[in-house]
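Labels below follow one simple rule: chain letters A, B, ... track the order of the sequence lines, proteins then strands, and each chain is numbered from 1. When reading the values below, keep in mind they use all heavy atoms of this one structure, side chains included, and skip hydrogens, waters and symmetry mates.
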Protein chains: 2
Amino acid sequence: MRGDPTGRGPRPPSLATVERLPVYQRVLSELLGSGTSTVSSEHLAAAAGVGAAVVRKDLSLFGSFGTRGMGYDVSLLIGELDRRLGGDRDWPLIVVGIGNLGTALVNSEGFRSRGFRVAALFDAAPDVVGTTVAGVQVRHFDELEATVAGTAACIGVVATPPSVAQAVAERLVAVGVRSLLNFAPRVLQLGPGVRVRQVDLSTELQVMSFYELRDEASQL
Amino acid sequence: MRGDPTGRGPRPPSLATVERLPVYQRVLSELLGSGTSTVSSEHLAAAAGVGAAVVRKDLSLFGSFGTRGMGYDVSLLIGELDRRLGGDRDWPLIVVGIGNLGTALVNSEGFRSRGFRVAALFDAAPDVVGTTVAGVQVRHFDELEATVAGTAACIGVVATPPSVAQAVAERLVAVGVRSLLNFAPRVLQLGPGVRVRQVDLSTELQVMSFYELRDEASQL
DNA sequence: TATTGTGAACCTCTTCACAGCT
DNA sequence: AGCTGTGAAGAGGTTCACAATA
C-alpha cells in the first residue's frame, strides 16, 4: 500500500532531478566554505552547470526553501538536501571484488563521506582474502551470508569480473540488498524490487568516441 | 558548416540511444561467442535490459540491419555498431592523476579494449612521477604540453583531486582535448565545444540512499 | 508466420513566462 | 526592484500498433 492511493499527490522527483541534488549539495558546501550565506537560483545553477529554472523546479518539489527577492539560505538548503539524500543516516556498504578498482573505491573519499561506511569486503581470490583494505579485513565471499545475516539493509557494490557479476548480485539480493552499484560491464538481471546503477568505463569511452567521430564527419 | 543545412535530414541519435549502443555491442559479442548467429529485437532487448521497440528504434536510426521475419545477423550488427562507435580506430587516452583510482582505471580492461590505448600518464606528486603503470611511465603534469604537442586528438581522463580538476581540464583543452571523462567530484566549466562525461561515485551512492529512504517511507 | 521498421500517441522532462511574495 | 514558485508551452524520448516484408 502506498501512502497516496488517490493519485492526487505531487509527482515524485524524476531520476534526473535526484541525480542533480548531490551536485547542488556539493556546490552549496563550497559556497558555505567560502562564506556565502545566500545564493540565487541563477548563481547556483551556473555553478552546477544547469539552468536556473531547473534548479527552482527541482528544489520546489521538496518544499519552498527560498525567499522571494533574496534567494536560498545556503545552510538551510544544505540541511534539507542532506536530509532528503539520507546524509544524516548510516549507510553500510558491502563491496564485492577487491581488485584494483575495488581497492580504489574503498579508499576513495566518495565511499567514506556523507554517512557511507564500508561495512564488509569480500573477494574469492585466496591471496586477497585476509588482507586489510582501508582498515577492513577482506573475507571470502562464501562467508557473505554468515557475515551479513544480522546487518541492516545495505548498499551492495559489485566490482568483480563480469563473468561472476550476475551470480554475486543474486547472492547479495538473497541476503537482503536492494540497491546495487555495479561496476562490472554486464547487464544485471534482477527482480523488479532491486535498484541497480551501472557505472561502465568502457561505455563511457565508447560514447565519447562516438561523438568524436561525429564531430570529424561534420567538419568535412 | 554542417552537412545538412536544410534541416531535412534524420534526427541525430539521442544521448540515451548512444549510451545503449555499447550495451548492445557487448551483448551481441557474448551471443556470437555462444554460437548464436541471428537474434530478434525481443531477445536482444531482454539481454540488454530494455524494451524491444527501443532496440528497433535505436538500430533503425543507423540503417536497416535486420531481416523481417528473421531478426538481426549478429556478426553484421556487431560490425555496424563497432564502426559507429569508432571501434575500428585508435583512440589515445591521456590520464591525469595516477592515484588509487587512476591506477585502477589504467589497468582496467575497459581502458585497453575497443581501440582505446593509454597514451600518456600525468601526475604532480614527486613520488608518482617516474613510476611505470601498466607499461607507461608517469610524467610530471608540467610536461603535458611538450608531450602531447604533436599527438592526434585525444580523450582526456581526469582522476585528480577535485581541487585541481578545473585547472587540469583547462590545460587539457588548451592542448586540443575536446572529450573529457571526469572522475573528480566537481562540475567542470568549459567552453561549449568540449564534451564532458561525469562519473561521480559519491553521487551514485547518494542517489541510492535517496531511493532507499523513499522505500522505507512508503512502507510505513 | 515471424519479425522489422516506423508514424503516431503518449508520457516525461525542460524551458518559458509571469504571478506572487519579500 | 528582485527573486522564487509554478502553470503552460515546448521538446524529446518511449511505447504502441501495424503496415511492410522475408
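- Here C:dT6 presents its P atom at 14 Å from CZ of B:F62, a figure rounded to the nearest Å.
- In this structure, A:E109 places its CD atom where only 12 or fewer heavy-atom neighbours from other residues, nucleotides or ligands lie under 6.0 Å away.
- Going from atom CZ of B:R20 over to atom P of D:dG12 covers 16 Å, rounded to whole Å.
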task = Apply side-chain contact (heavy atoms from CB on, under 4.5 Å) to B:Q166 and B:V187, showing your working.
result = CA-CA 8 Å; B:Q166 176 68 33; B:V187 178; over 6 Å; no
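- The nearest whole Å value for the distance from the CG atom in A:L15 to the C1' atom in D:dG12 is 16 Å.
- Between C:dT14, D:dT6, D:dT14, one nucleotide has an atom nearer to the side chain of A:V54 than all others, and that is C:dT14.
- Comparing atom distances between the A:Y72 side chain and each of C:dT15, D:dG5, C:dT4 picks out D:dG5 as nearest.
- Below the 3.5 angstrom threshold, one finds a donor paired with an acceptor across the side chain of B:K57 and the base of D:dT15.
- Proximity of a side-chain donor or acceptor of B:S179 to a complementary backbone N or O of B:R195 within less than 3.5 Å is not detected.
- Judged by closest nucleotide on DNA chain C, A:T17 is the one of A:T17 and A:T67 placed further toward the 5' end.
- As rounded to whole Å, 16 Å separates atom P of D:dA17 from atom CD of B:E42.
- In this structure, A:L61 atom CG and C:dT12 atom P are separated by 14 Å, rounded to whole Å.
- Ranking C:dT14, D:dG5, C:dC13 by closeness to the A:S14 side chain, first place goes to C:dC13.
- No more than 12 heavy-atom neighbours from other residues, nucleotides or ligands sit within 6.0 angstrom of CD on A:E42.
- If you check distances only, the side chain of B:R68 never reaches the base of D:dT21 with a donor-acceptor pair under 3.5 Å.
- In this structure, the nucleotide among C:dT14, D:dA17, C:dA17 sitting nearest to the side chain of B:R56 is D:dA17.
- The side chain of B:S41 contributes no N or O atom lying less than 4.0 Å from OP1 or OP2 of C:dT3.
- Without hydrogens or angle criteria, A:W91 side chain to A:G86 main chain gives a donor-acceptor distance under 3.5 Å.
- Among C:dT22, C:dT15, D:dT4, the nucleotide with an atom closest to any side-chain atom of A:A53 is C:dT15.
- A:G71 comes within 4.0 angstrom of the backbone, heavy atoms only, and of no base.
- Between B:L59 atom CG and C:dT4 atom C1' the separation is 10 Å, expressed in whole Å.
- As a whole-Å value, the separation of A:R11 CZ from D:dA8 P is 13 Å.
- Taking atom CZ of residue A:F65 and atom C1' of nucleotide C:dC21, one finds them 18 Å apart after rounding to whole Å.
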